[in-house]
Amino acid sequence: MTKPESAGHDYDVVISGASLAGSAAAILLARRGVRVALLERRSDPEAYKVLCTHSITASAYPVLDELGLVPALEKAGAVRNHARWYTRWGWIEPRAAPTGPELPYGYNIRRSTLDPLIRSHAAQTPGVDLLLGHQVTGLVREAGRTVGVRASTPEGEREIRARLVVGADGKDSAVAKFAGVPTRTHENKRFGYLAHFRDLPLHDGIAHVWFLEPDMAYAFPNDDGVTVLAVLPDKKRLPAFREDLESSFLAFVRALPEAPPIDSAERITKITGTVNYPLHSRKPTAPGVALIGDAALTSDPLWGVGCGWALQSAQWLAEAVAAAATGRGDLDRSLAAYARTHQRRLRGHQFLAVDYATARPFNPVERLVFSAAARDASVARHMHLFASRLIGPLRFLSPAALAKASAVNIKHRRATSSAG
């Protein structure tokens, strides 16, 4: 006897969005025996996200390793993303301890290289059907839960049923909208523009970040000798900046301490950016629905965490729901476990990002830690762990860490007084 259509599934999981989060989730789920439909609204398998920091934090290295992408990234010329940060107290320059291991690292790699690479990896994974040109136009719902999607395809409208629908479709997630997941929005009081330069030398060949309070800038070396250079000024500067975007951008960069020599480098892209990039937070689950990557949480681009968190949230979801997605467990309970992990790992980071997105100067605790990091190697390494999202805010600002920073600054003041 044939089961009624409402009781069947075309796939175990359908994922909307085949960029970093979606492709990673598809691979990790399929390896656990899940049948996955990976939908991508764009028809070009080489499509990629343009507006991005093009950086993967060290916190996501274990995901890259599990995906088997590390050799491919190295071969593609991805740059291990060590960095130095400018502050009013000087440069913070994390370096490995003389007798310690190398500092943890992720990779800087342009999305034009990364997106096609991971999407191709997903398409070649047994159990994954990559469906290009499929745009989700609605959700299929039964008894108060989502049981599939409706999609516009090159062949017309199509309905795809699954136990779980995953929104990996970015900050303006259609899946979240159709599922009625509310969005909590926080204003970002900085705007941002970036451009790509070839053969732009940087001190030690590593990433640079400038904390100018409240303005920001960064230069991230990437694959193929290309550096992504971005400026993120206070929105109060926007009217004057817009009068002549190119001149304003170049003047801003030239005025940076130890400014990258852009006039002797080749700019290979237009200056692109956004004047309004709010921070979004959503509950990462609903009945029959999970959100990963920017669909669940969009942070401030100045921190460069989006790519790393996309990969990590994909891994957390796969670990939590794979068994239930194949009918071997309670899906709602598994989704709740994923939501707890997501919130526990990222809520504190997002809280600090939301606060700093107000374009305020450093607060007293930040002044304490940043000044000490510019003066002491161990505090600088501690900052590296936090910037890499390998430790959370509670450990970053623990009593022991603050005591260490205080001792460093007291010692510095005494040495300065004695020298004077």
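Between H208 and Y86, the gap from one ring centroid to the other reaches at least 6.0 Å. Checked against the 6.0 Å centroid criterion, the rings of H186 and H280 do not qualify as a close aromatic pair. In this structure, the ring of H342 has its center less than 6.0 angstrom from the ring center of Y338.
Side-chain N or O atoms of D300 include none that pairs as donor or acceptor with a backbone N or O of L279 at under 3.5 Å. No donor-acceptor pair under 3.5 Å is formed between the side chain of R282 and the backbone N or O of A176. Here the side chain of H134 pairs a donor or acceptor atom with the backbone of L132 at under 3.5 angstrom. Between the side chain of E40 and the main chain of A18, a donor-acceptor pair closer than 3.5 Å is present. Side chain of N222 to main chain of I109: a donor-acceptor pair is present (N/O by atom type, distance under 3.5 Å, no hydrogens or angles).
Residues D355 and R360 have side chains in contact (heavy-atom distance under 4.5 Å, counting atoms from C-beta outward). Here the side chains of S55 and C307 are not in contact, with every heavy-atom distance at 4.5 Å or above. Within the 4.5 Å cutoff, no side-chain heavy atoms of H54 are placed close to those of L114. Residues L139 and V147 have side chains not in contact (no heavy-atom distance under 4.5 Å, counting atoms from C-beta outward). For the pair D199 and T227, the minimum side-chain heavy-atom distance is 4.5 Å or more. Here the side chains of K283 and T285 are in contact, with some heavy-atom distance below 4.5 Å.
When each of R84, H384, R375, M383 is tested with I92 by the rule side-chain contact (heavy atoms from CB on, under 4.5 Å), just one qualifies, namely M383.
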Notebook entry, point to check: Given the rule in the salt bridge (Lys or Arg N to Asp or Glu O under 4.0 Å) test, do R145 and D332 qualify, once you have shown the distances and angles that lead to the verdict?
Noted result: CA-CA 10 Å; R145 67 183 300 112; D332 289 338; 3.1 Å; yes
Next item on the list: Report the C-alpha distance between R111 and V50 in whole Å, list the side-chain angles of each, state the deciding distance to 0.1 Å, and finish with yes or no for side-chain contact (heavy atoms from CB on, under 4.5 Å).
Entry: CA-CA 7 Å; R111 297 292 293 270; V50 175; over 6 Å; no
Note to self: Applying side-chain contact (heavy atoms from CB on, under 4.5 Å) to I292 and V166, what does each step give before you reach the verdict?
What the structure shows: CA-CA 7 Å; I292 56 178; V166 177; 3.8 Å; yes
Next item on the list: Give the intermediate values and the outcome of side-chain hydrogen bond (donor to acceptor under 3.5 Å, both in side chains) for residues D169 and S173.
Entry: CA-CA 5 Å; D169 48 352; S173 171; 2.6 Å; yes
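The number of heavy atoms from other shown groups lying within 6.0 Å of OH (Y48) does not exceed 12. Around NZ of K49, the count of heavy atoms belonging to other residues, nucleotides or ligands within 6.0 Å exceeds 12. Annotation for R333: atom CZ does not count as buried by contact number, only 12 or fewer foreign heavy atoms lying within 6.0 Å. Applying the 6.0 Å contact sphere to CZ of R344 captures more than 12 heavy atoms from other residues, nucleotides or ligands.
Geometrically, K270 does not engage Y193 in a cation-pi contact, judged by NZ or CZ lying under 6.0 Å from the ring centre and within 45° of the ring axis.
Sorted by first and then second residue, the side-chain hydrogen bond (donor to acceptor under 3.5 Å, both in side chains) pairs involving residues 16-28 (not counting sequence neighbours) are S19-R42. Counting only residues at least two apart or on different chains, the side-chain hydrogen bond (donor to acceptor under 3.5 Å, both in side chains) pairs with a member in residues 309-319 are S59-Q312, E66-Q315.
In this structure, W210 and W91 have perpendicular ring planes: the angle between them is above 60°, well past the 30° mark. Ring geometry for W303 versus Y356: interplanar angle of 30 to 60°, hence tilted. Ring geometry, W89 versus F362: the interplanar angle falls under 30°, so the pair is classed parallel (tilted spans 30 to 60°).
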